[in-house]
Structure formats: structure tokens, C-alpha cells
A.B. asks: 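One structure follows; several queries about it will come next.
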Amino acid sequence: MLIRSRRSSDPLSSEITPQSVYLRRRQFMAGGAALALSAAMPAVALQTRDNPQSGAPEWLQKPLREAVTTAFGDGEKPAPYSTITQYNNFYEFGYGKDDPYRYSGSMQTDPWSVTVEGECEKPGTLTLEDILRGQTLEERIYRLRCVEAWSMVIPWIGFPLADLLKRFRPLSSAKFVEFITLHDPEQMRGQRSAFSTIDWPYHEGLRMDEAMHPLTILAVGLYGEVLPNQNGAPLRLVVPWKYGFKSIKSVVGIRFRDSMPATSWNDIAPHEYGFYANVNPDVDHPRWSQATERRLPAGLFGSNRIDTQLFNGYAAEVASLYRGMDLRKHY
Ligand SMILES: Nc1nc2c(c(=O)[nH]1)N[C@H]1C(S)=C(S)[C@@H](COP(=O)(O)O)O[C@H]1N2
Ligand SMILES: [Mo]
């Protein structure tokens with residue numbers, strides 16, 4: 001992060017056109033419990049687009065269409081589709097904020113499989129189709145707070161990570177979960193780059209209780225449609241109370257571990273990026289303040305700077321996970 005961005009001289013690739021998306025009106029359920037589903041209100045009923053899920057493989061269209069809304073979002077307005085899909089961090093495709101949008105379009109995401117191993121009774125490999133069979137998808141409108149001090153509200157479609165992890169029967173020795181992104185330099189130009197500082201493949205990790213927490217999801221969709229490549233298709237982690245770099249994209253591997261895994265940004269700059277990476281306005285990055293953030297898209301007037309909230313506003317749900325821990329030490 002804050003590696004000097006290298007402007008590309010390549011022309012904007014015209015085949016990477018985001019599907020046209022209408023910001024659909026979303027009725028917020030008044031007084032709904034934060035974790036309660038509203039099965040009575042399928043997300044599709046609120047959609048106004050004519051050609052939903054057009055880019056998705058057929059087997060993914062039905063679960064996307066049947067995704068249910070939830071009460072998450074606190075009434076916040078999601079960022080426009082164009083902001084969410086054209087301002088990204090996905091260093092596999094370059095360091096520029098629009099590099100993922102420009103260069104990820106041809107990444108192959110179907111078929112896709114995820115290999116799960118380590119401290120569990122039933123290690124194995126599942127295709128994404130297997131993973132989603134019988135799995136209810138939910139819309140989760142979450143804030144995403146990047147450690148670089150910008151943020152967005154994003155309407156993901158996904159499911160609890162816990163639902164997937166339980167299928168592999170983790171052992172009591174599983175204290176942490178490690179995640180690995182696809183390593184494919186032929187498809188990912190950033191992995192071929194001589195400027196790269198990341199030790200590919202990108203890897204991340206969570207403590208077991210963080211991984212099993214109901215707020216932690218795997219996303220397969222955005223705005224009711226299939227997840228665009230630049231956002232981590234076809235399957236990416238979303239941990240809304242942590243800095244964005246924990247939310248690893250295009251996951252192909254999951255490993256249950258008895259010890260804390262190494263994580264990509266911690267490997268590069270351990271004093272700047274910790275394993276926990278919980279959003280915290282009181283613990284500054286060594287090179288900048290974390291007290292405020294730039295909420296995207298910025299308005300016409302000014303930079304739209306807002307106060308950063310402890311645990312990104314999810315303290316009621318997750319603060320108990322860290323009871324007794326010194327959050328300055330375990331940043
Ligand atoms: N594999 C991989 N995952 C990644 C990254 C990355 O470079 N590679 N960037 C992270 C960072 S720093 C952020 S802020 C979020 C951005 O997610 P978005 O582009 O979907 O908003 O993805 C995270 N996941
Ligand atoms: Mo980030």
C-alpha cells in the first residue's frame with residue numbers, strides 16, 4: 001500500500017465493460033435484528049435491471065436471483081457500481097486503482113475450485129458449484145475501510161464463511177485459517193511484474209473465531225449480479241470490521257492451522273500492517289492518521305471526510321472477540 005503508483009501507458013481496454021447497472025432502490029427493513037434474514041423478501045423483488053446476472057454461469061444465476069436481503073447496511077447508501085468496480089486494490093493486476101478494472105477482464109473464473117486442507121477431518125477440493133449447491137445467498141451491505149484511509153459502502157451477495165468451513169469438520173487443533181489467492185502469472189500481469197514486492201500468491205489469515213463469526217462472508221456477487229473480476233471473482237473473503245487487505249480475493253486455497261499464518265502485507269511491512277488489522281481510529285498507521293477516512297465517491301464539494309469508527313462500526317458485534325487484548329499491540 002502506498003507503493004508509488006506506476007501510470008500505465010496502455011490504452012483503456014475496451015473489452016472490459018462493466019455491465020450496466022441500475023442503482024436499485026432498496027427498502028430498509030425497519031427495526032430488523034442485525035443478524036436476522038428476511039426470507040420473505042427476496043433481493044430480486046427489489047431489482048429493476050432487465051438482464052440480471054447476465055455475466056454469470058448458468059448454475060450461478062439461480063442462487064444469485066434467489067439471494068435474500070438482510071438488515072445490514074445501517075441505512076447507508078451503497079457507492080455507485082462504477083466506483084466499486086473501477087477503484088480497486090488487486091495488485092495481481094497492477095498498483096493503479098484502475099488497473100484491476102483495466103486488466104482483470106479476461107481472467108477465467110469458471111470452472112473454479114477451492115482446496116481445503118490442514119487441521120480438519122475432511123480435507124478436499126470443491127468446485128464453486130459444489131460450494132454453492134443448497135447454500136442460501138444473502139445480500140450484505142457492508143462498509144469497506146481500506147488501510148489507506150478511504151472507504152465505500154458495498155452491497156455484496158455472499159454467504160457466511162462458517163457455512164463452508166464446517167463442511168470440512170475442523171479439528172479442535174484448528175486455531176487459525178489461512179487463505180490463498182490464485183497464482184497465475186499468465187493471467188495476472190502484476191504477478192509477472194518486476195516491480196512487485198508481494199510474495200505471490202497473496203495470502204491472508206484469520207483467527208478461527210473471526211473466521212466463524214457471522215459477519216465474515218465469502219462474496220460471489222455485487223449489486224445482485226455476479227462478482228466482477230476486479231472485485232475478486234469468483235469468490236472473495238469479506239471481513240467488514242478489518243482493513244480491506246484482510247478481505248482476500250479470488251480464493252483457491254484454505255488451510256486450517258494450529259499456528260498463526262504469515263500474511264502478505266505483514267510480510268512486507270510488519271510494523272505497518274499487523275495480523276489483526278482491526279479498523280481502529282485510535283491506532284495510527286506509522287505514516288498517516290487512521291482517525292478519519294475519505295468516503296467514496298467524494299461529493300462535488302470537498303473530499304467527503306468522515307470519522308473512522310472502532311471496528312469500522314461493527315463493535316457491537318465483534319468487540320467481544322478481542323476482550324482483554326491490547327489493540328495497540330495487536331494492531
Ligand atoms: N488477492 C488480493 N486480495 C486483495 C488485495 C490484493 O491486492 N490481492 N487487495 C486488498 C485490499 S488492500 C483492499 S482495500 C480490498 C479492496 O477490495 P475491492 O477492490 O473489491 O474494493 O481487497 C483486498 N484483497
Ligand atoms: Mo486496502
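One-based numbering, in listed order, for ligands and for the atoms of each.
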A.B. asks: If you count the atoms of ligand 1 from 1 in the order shown, which ones are under 4.0 Å from a heavy atom of Tyr91?
C.D. replies: 6 (C), 7 (O)
A.B. asks: So is Ser247 in contact with ligand 1, going by heavy-atom distances below 4.0 Å?
C.D. replies: yes
A.B. asks: Any heavy-atom pair between the side chains of Phe275 and Asn266 that's under 4.5 Å?
C.D. replies: no
A.B. asks: For ligand 1 and Asn88, I'd like to know whether there is a polar contact (N/O to N/O, distance under 3.5 Å).
C.D. replies: yes
A.B. asks: Looking at Cys146, which atoms of ligand 1 are within less than 4.0 Å of one of its heavy atoms?
C.D. replies: 14 (S)
A.B. asks: Any cation-pi pair here, Arg257 with Phe176, using under 6.0 Å and within 45°?
C.D. replies: no
A.B. asks: Would a line drawn from the ring center of Tyr331 to the ring center of Tyr276 be shorter than 6.0 Å?
C.D. replies: no
A.B. asks: Under a heavy-atom criterion of less than 4.0 Å, does Met152 contact ligand 1?
C.D. replies: no
A.B. asks: Tell me the nearest of Glu148, Gln230, Lys249 to atom 19 (O) of ligand 1, using heavy-atom distances.
C.D. replies: Lys249
A.B. asks: Less than 6.0 Å separating the ring centroids of Phe90 and Tyr202?
C.D. replies: no
A.B. asks: Heavy-atom contacts under 4.0 Å between Asn231 and ligand 1: side chain, backbone, both, or neither?
C.D. replies: both
A.B. asks: Which is it for Glu92 and ligand 1 at heavy atoms under 4.0 Å: side chain, backbone, both or neither?
C.D. replies: side chain
A.B. asks: Let's go through Tyr243 and Trp265 carefully: what are the C-alpha distance in whole Å and the side-chain angles of both, what is the deciding distance for side chain to side chain contact (heavy atoms under 4.5 Å, CB included) to 0.1 Å, and is it a yes or a no?
C.D. replies: CA-CA 11 Å; Tyr243 291 121; Trp265 281 100; over 6 Å; no
A.B. asks: Can you list the ligand 1 atoms lying under 4.0 Å from a non-hydrogen atom of Thr181?
C.D. replies: 1 (N)
A.B. asks: Would you check if the side chain of Asp326 reaches a backbone N or O of Arg328 as a donor-acceptor pair within less than 3.5 Å?
C.D. replies: yes
A.B. asks: Could you list the atoms of ligand 1 found under 4.0 angstrom from a heavy atom of Ile248?
C.D. replies: 3 (N), 24 (N)
A.B. asks: Taking 4.0 Å as the limit for heavy-atom contacts, which would you say applies to Phe90 with ligand 1: side chain only, backbone only, both, or neither?
C.D. replies: both
A.B. asks: Could you point out which residue of Glu272, Glu148, Gln290 forms a side chain to side chain donor-acceptor pair (under 3.5 Å) with His285?
C.D. replies: Glu272
A.B. asks: Where does Leu144 meet ligand 1, judged by heavy-atom distances below 4.0 Å: at the side chain, the backbone, both, or neither?
C.D. replies: side chain
A.B. asks: Which atom pairs, one a donor and one an acceptor, fall under 3.5 Å between side chains of residues 152-168 and the rest of the protein, sequence neighbours left out?
C.D. replies:
residue	atom	partner	partner atom	Å
Asp163	OD2	Gln135	NE2	2.9
Arg167	NH1	Ile131	O	3.2
Arg167	NH2	Asp130	O	3.3

